[in-house]
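I have placed the structure first, in the form of structure tokens, so that the comments after it can refer back to it.
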Amino acid sequence: MNMAPMATELSHPSLAPASPQGERARWMAQLSQADPDHLEAAWRQLAAPPAHSWLRPVETGLVMLRGRAGGTGQPFNLGEMTVTRAAVMLEPPHNRVGFGYVTGRARRHAELAALFDALLQDEALRQGMLAGLLSELAETDQKRRRRRAADVAATRVDFTTMVRGDD
């Protein structure tokens with residue numbers, strides 16, 4: 001399978017949703033990291049799920065992760081990661097194409113991410129019935145970031161408080 005590399009910048013907090021592409025990148029990152037059960041529940045709550053056809057059925061493959069020593073050094077291949085992807089097209093009147101990329105082998109998660117990506121491209125749906133989903137995803141993302149920051153902070157060592165014996 002020939003899968004395009006994933007951009008890790010999509011979930012970076014500095015990605016401002018000032019442009020439509022930035023806003024879409026943000027919700028795609030949130031969909032890919034969301035709890036699949038939460039997305040499934042949101043899908044079931046839709047009054048009338050839209051008719052759709054799969055442009056790219058769900059498939060699982062590997063992507064190469066690249067790194068840089070110190071963040072600025074020469075790039076190197078870090079290893080491979082399993083990714084599952086899907087592409088869907090909503091039937092008229094929506095006519096939107098959605099993509100879903102998730103880590104691991106979560107087939108249904110990739111399907112739901114693609115379906116919600118397509119739905120969220122419709123401004124009326126995004127501001128209406130899907131606004132709650134977006135705010136819940138954003139809140140969950142912030143909680144995850146705070147929890148991770150707290151875990152990292154707990155292991156921090158402050159070398160500036162150490163005293164040399166020369167004084």
Side-chain angles (χ1 to χ4, degrees), residues 1-67 77-149:
M1 177 172 65
N2 188 11
M3 295 185 76
M6 293 177 50
T8 57
E9 293 83 17
L10 292 180
S11 61
H12 196 276
S14 68
L15 181 62
S19 69
Q21 294 83 9
E23 187 175 3
R24 184 174 181 207
R26 182 174 299 272
W27 80 56
M28 287 181 76
Q30 290 172 340
L31 288 168
S32 72
Q33 297 170 8
D35 179 9
D37 293 334
H38 184 77
L39 293 179
E40 190 70 54
W43 181 253
R44 286 191 198 120
Q45 289 177 356
L46 292 178
H52 57 277
S53 58
W54 294 103
L55 297 175
R56 181 181 304 274
V58 178
E59 57 186 351
T60 300
L62 298 172
V63 293
M64 179 60 69
L65 301 178
R66 297 193 45 120
N77 292 337
L78 184 63
E80 294 176 330
M81 179 176 73
T82 305
V83 175
T84 303
R85 71 177 179 179
V88 65
M89 179 167 199
L90 300 181
E91 302 296 329
H94 302 291
N95 292 331
R96 304 283 185 183
V97 175
F99 298 93
Y101 285 84
V102 299
T103 59
R105 298 177 180 275
R107 298 177 61 83
R108 182 63 178 160
H109 188 180
E111 288 176 351
L112 290 169
L115 287 163
F116 278 115
D117 174 45
L119 288 171
L120 287 166
Q121 291 176 58
D122 185 320
E123 182 73 27
L125 292 175
R126 188 170 62 248
Q127 300 301 324
M129 66 179 172
L130 296 177
L133 174 65
L134 280 178
S135 64
E136 290 171 15
L137 291 177
E139 182 180 323
T140 303
D141 187 46
Q142 287 299 321
K143 286 180 183 176
R144 183 179 48 80
R145 288 180 189 281
R146 283 193 295 270
R147 188 171 42 248
R148 177 123 191 232

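For reference, positions follow the sequence shown, starting with 1. In this text the structure is predicted, and so the values were computed from the model without any measurement.
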Working to the nearest 0.5 Å, report the span between CG of L130 and CG of L119. 6.0 Å

Hey, could you give me the CD/CG distance between E139 and D141, rounded to the nearest 0.5 Å? 11.0 Å

Of the non-hydrogen atoms in V97 and D117, which two are nearest, and what is the gap between them? O-OD2, 4.1 Å

Rounded to the nearest 0.5 Å, what separates atom NE2 in H109 from atom CG in L31? 7.0 Å

State, with a plain yes or no, whether a side-chain heavy atom of L133 is found less than 4.5 Å away from one of Q45. no

So, R126 side chain and L120 main chain: donor-acceptor pair closer than 3.5 Å or not? yes

All N/O donor-acceptor pairs, side-chain side in residues 47-54, below 3.5 Å, sequence neighbours left out:
from	atom 1	to	atom 2	distance (Å)
H52	ND1	P50	O	3.1
S53	OG	E91	OE2	3.2

Between F99 and R24, is any pair of side-chain heavy atoms under 4.5 Å apart? yes

Hey, what do you get for CH2 (W27) to CG (L137), rounding to the nearest 0.5 Å? 12.0 Å

R108: side chain to side chain contact (heavy atoms under 4.5 Å, CB included) partners, not counting sequence neighbours: E40, W43, E111, L112

Please indicate whether R105 has more than 12 foreign heavy atoms, meaning atoms of other residues, nucleotides or ligands, lying under 6.0 Å from its CZ. no

Could you pull out the closest heavy-atom pair between T60 and G104, with the gap in Å? CG2-O, 4.2 Å

Heavy-atom donor-acceptor pair, S32 side chain to V102 backbone, under 3.5 Å: no

Rounded at 0.5 Å granularity, tell me how far CD in E59 sits from CZ in R107. 9.0 Å

M89 side, atom CE; R56 side, atom CZ - distance, nearest 0.5 Å: 15.0 Å

Write down the atom of A110, the atom of A86, and the distance for their closest heavy-atom approach. O-CB, 4.0 Å

For N95, check side chain to side chain contact (heavy atoms under 4.5 Å, CB included) against everything at least two apart and list the hits. P92

Tell me the closest heavy-atom pair linking A113 and G100, and the distance in Å. CB-CA, 3.9 Å

Side-chain contact test, heavy atoms from C-beta onward, threshold under 4.5 Å: evaluate it for R66 versus L78 and give yes or no. no

Minimum side-chain heavy-atom gap L62-V83 below 4.5 Å: no

